[in-house]
Amino acid sequence: MIVLGIDTSCDDTCVAVLEVRGSRFDVRSNIVSSQIKVHKKYGGIFPTLAKREHKKNLPIVFKNAIREAKIKENQIDLVSVTIGPGLEPCLWVGINFAKDLAKKSNIPIVPVNHIEAHILINFFLIPPSNFLLPSICLVVSGGHTQLILMEKIGNYKLIGETRDDAAGECFDKVARLLELGYPGGPAIERFSKLDVRSSKLEVKLPRPMIKQKNYDFSFAGLKTAVLYDFLKRPEKIRKSKEYKILVAKEVQQAVIDVLILKTIRAAKEFGARSIILGGGVVANEELRKQFIENSKHQIPNSKLLMPPKELCTDNGLMIAVCGYFNREKATKDFDKIVAEPNLRI
Ligand code: KG4
Ligand code: ZN
């Protein structure tokens with residue numbers, strides 16, 4: 001079976017071709033066309049601009065994905081497309097493209113939840129099994145920070161989420177304040193790796209909500225704490241590389257501390273047999289390393305799953321994999337497929 005995956009929920013135009021034979025998954029192609037260059041000038045994403053870029057790029061990315069997969073359009077059996085959550089004008093570009101294609105080839109569409117796709121991409125390498133369930137899933141991206149209890153595929157319970165900014169959004173905003181580069185997460189990571197051991201400066205930031213017994217997060221306060229620290233420093237310090245490195249290290253560690261503590265506590269409370277990570281922030285090497293160390297020591301009987309770095313950030317393959325697992329929801333009643341910008345899991 002050949003499954004096409006399309007995602008245009010945010011600023012990347014993504015198309016993948018997945019071949020499924022029995023329980024074997026083969027990536028035939030997985031193309032991500034980034035809009036970084038377009039949005040870099042503004043330091044953030046503008047939905048109307050992103051929509052225009054998706055409209056321009058999607059037909060080209062689709063053609064390239066088909067060519068690279070060495071298939072013909074009429075060999076596609078199922079189209080998976082993100083219907084939410086995401087930016088409404090952008091979601092519609094992918095949905096309308098999927099509908100045109102599905103009508104032309106008389107094949108069904110399966111609507112995909114972007115958050116579920118960030119989770120299920122983990123089952124691309126390791127097949128889902130009862131030995132991994134129940135699972136505590138942490139989805140941490142530019143738009144979301146959510147802890148989800150998965151009893152089985154399709155059965156999810158949101159147990160906590162951010163009350164304001166997502167972790168990735170916090171990185172993006174801090175990076176903008178310090179002029180580290182765009183997108184912020186990778187820039188913060190780059191700076192945090194630099195050496196400042198001889199520095200006499202000190203930057204201490206809070207770990208928001210870490211002591212609260214719930215599974216919610218708040219990262220807007222962390223961003224504000226960075227702003228206050230920044231404003232109290234003399235201009236010379238603010239602009240120094242040394243200060244930027246210290247803030248990058250500390251903000252990254254503050255985010256990691258809160259995410260690890262709450263995720264492991266949830267895994268213990270719910271008797272999780274696995275922890276599943278997903279979303280762009282999981283591409284962060286320090287976060288990956290510290291999750292591995294902490295889960296090994298604190299919950300040795302639970303397995304830790306995380307996608308390879310390039311499958312943490314948005315991609316079409318995760319949509320195809322999620323669509324495949326949800327193939328019973330495939331429909332030719334195309335009028336029912338609409339963008340749902342605030343779709344919940
Ligand atoms: O999942 P994703 O590609 O898109 C959304 O669904 O939001 O996540 C993008 C987010 C951005 O905020 C970006 O700064 C962050 O993931 N990110 C990272 C890294 N790579 C991307 N954050 C920390 N370290 C990284 N290496
Ligand atoms: Zn995402």
Side-chain angles (χ1 to χ4, degrees), residues 4-16 30-65 79-101 109 111-118 121 139-146 162 164-176 180-188 223 278-281 283 310-320 322-323 337-344:
L4 186 80
I6 302 174
D7 187 279
T8 58
S9 60
C10 192
D11 60 338
D12 291 322
T13 313
C14 313
V15 180
N30 186 24
I31 300 183
V32 178
S33 166
S34 159
Q35 298 182 8
I36 285 178
K37 278 204 191 112
V38 181
H39 299 289
K40 205 173 185 160
K41 309 198 259 292
Y42 309 102
I45 301 158
F46 276 91
T48 42
L49 200 62
K51 176 192 164 181
R52 196 188 70 195
E53 290 297 304
H54 282 309
K55 272 193 109 154
K56 196 170 78 189
N57 294 339
L58 185 52
I60 304 165
V61 177
F62 171 70
K63 261 204 190 94
N64 291 342
V79 180
S80 327
V81 64
T82 303
I83 58 157
L87 303 169
E88 185 163 9
C90 298
L91 289 164
W92 273 115
V93 178
I95 293 170
N96 287 332
F97 189 88
K99 286 185 185 181
D100 286 345
L101 188 72
I109 296 179
V112 166
N113 178 319
H114 185 89
I115 301 287
E116 186 183 12
H118 272 305
I121 186 62
V139 177
V140 56
S141 68
H144 301 89
T145 305
Q146 295 189 330
T162 183
D164 39 59
D165 291 359
E169 194 177 352
C170 172
F171 285 154
D172 294 334
K173 287 176 176 170
V174 169
R176 198 182 320 163
L180 303 185
Y182 176 88
I188 297 264
K223 169 204 71 189
V281 177
E310 66 280 8
L311 296 179
C312 290
T313 42
D314 292 349
N315 62 86
L317 186 64
M318 69 185 205
I319 308 304
C322 188
I337 300 175
V338 292
E340 294 185 43
N342 301 313
L343 186 64
R344 309 279 287 170

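Heavy atoms only: backbone and side chains are in, while hydrogens, waters and symmetry mates are out. Since this is a predicted model, take the numbers as computed values, not measurements.
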Might you point out which heavy atoms bring [X] and [Y] nearest each other, and give the distance in Å?
| X | Y | value |
| --- | --- | --- |
| P47 | C90 | O-SG, 3.9 Å |
| Q146 | I115 | OE1-CG2, 3.7 Å |
| A167 | V281 | C-CG2, 4.4 Å |
| A187 | G181 | CB-O, 4.0 Å |
| G279 | S141 | CA-CB, 4.3 Å |
| L343 | G84 | CD2-O, 3.5 Å |

How far does [atom1] of [X] sit from [atom2] of [Y], to the nearest 0.5 angstrom?
| X | Y | atom1 | atom2 | answer |
| --- | --- | --- | --- | --- |
| S33 | I60 | OG | CD1 | 8.0 Å |
| L87 | S9 | CG | OG | 7.5 Å |
| E116 | I121 | CD | CD1 | 12.5 Å |
| E169 | H144 | CD | NE2 | 10.0 Å |

Kindly indicate whether the side chain of [X], heavy atoms from C-beta on, has any atom under 4.5 Å from the side chain of [Y].
| X | Y | result |
| --- | --- | --- |
| I45 | Y182 | yes |
| W92 | I95 | yes |
| D314 | H114 | yes |
| D7 | D12 | no |
| P85 | N113 | yes |
| K55 | R52 | no |
| K99 | I109 | yes |

Audit row: T13, Q35, side chain to side chain contact (heavy atoms under 4.5 Å, CB included) steps and yes/no:
CA-CA 8 Å; T13 313; Q35 298 182 8; 3.9 Å; yes
The test is side chain to side chain contact (heavy atoms under 4.5 Å, CB included); show your working for F171 and D165 and say whether it passes.
CA-CA 10 Å; F171 285 154; D165 291 359; over 6 Å; no
Determine whether L101 and F62 satisfy the following criterion, side chain to side chain contact (heavy atoms under 4.5 Å, CB included), listing intermediate values before the conclusion.
CA-CA 11 Å; L101 188 72; F62 171 70; 3.6 Å; yes
Under 3.5 Å donor-acceptor, [X] side chain and [Y] backbone:
| X | Y | answer |
| --- | --- | --- |
| H54 | C10 | yes |
| N315 | T313 | yes |
| D172 | G184 | yes |
| T8 | G94 | yes |
| N30 | L317 | yes |

Please step through side chain to side chain contact (heavy atoms under 4.5 Å, CB included) for the pair I319 and I6, ending with a clear verdict.
CA-CA 6 Å; I319 308 304; I6 302 174; 5.7 Å; no
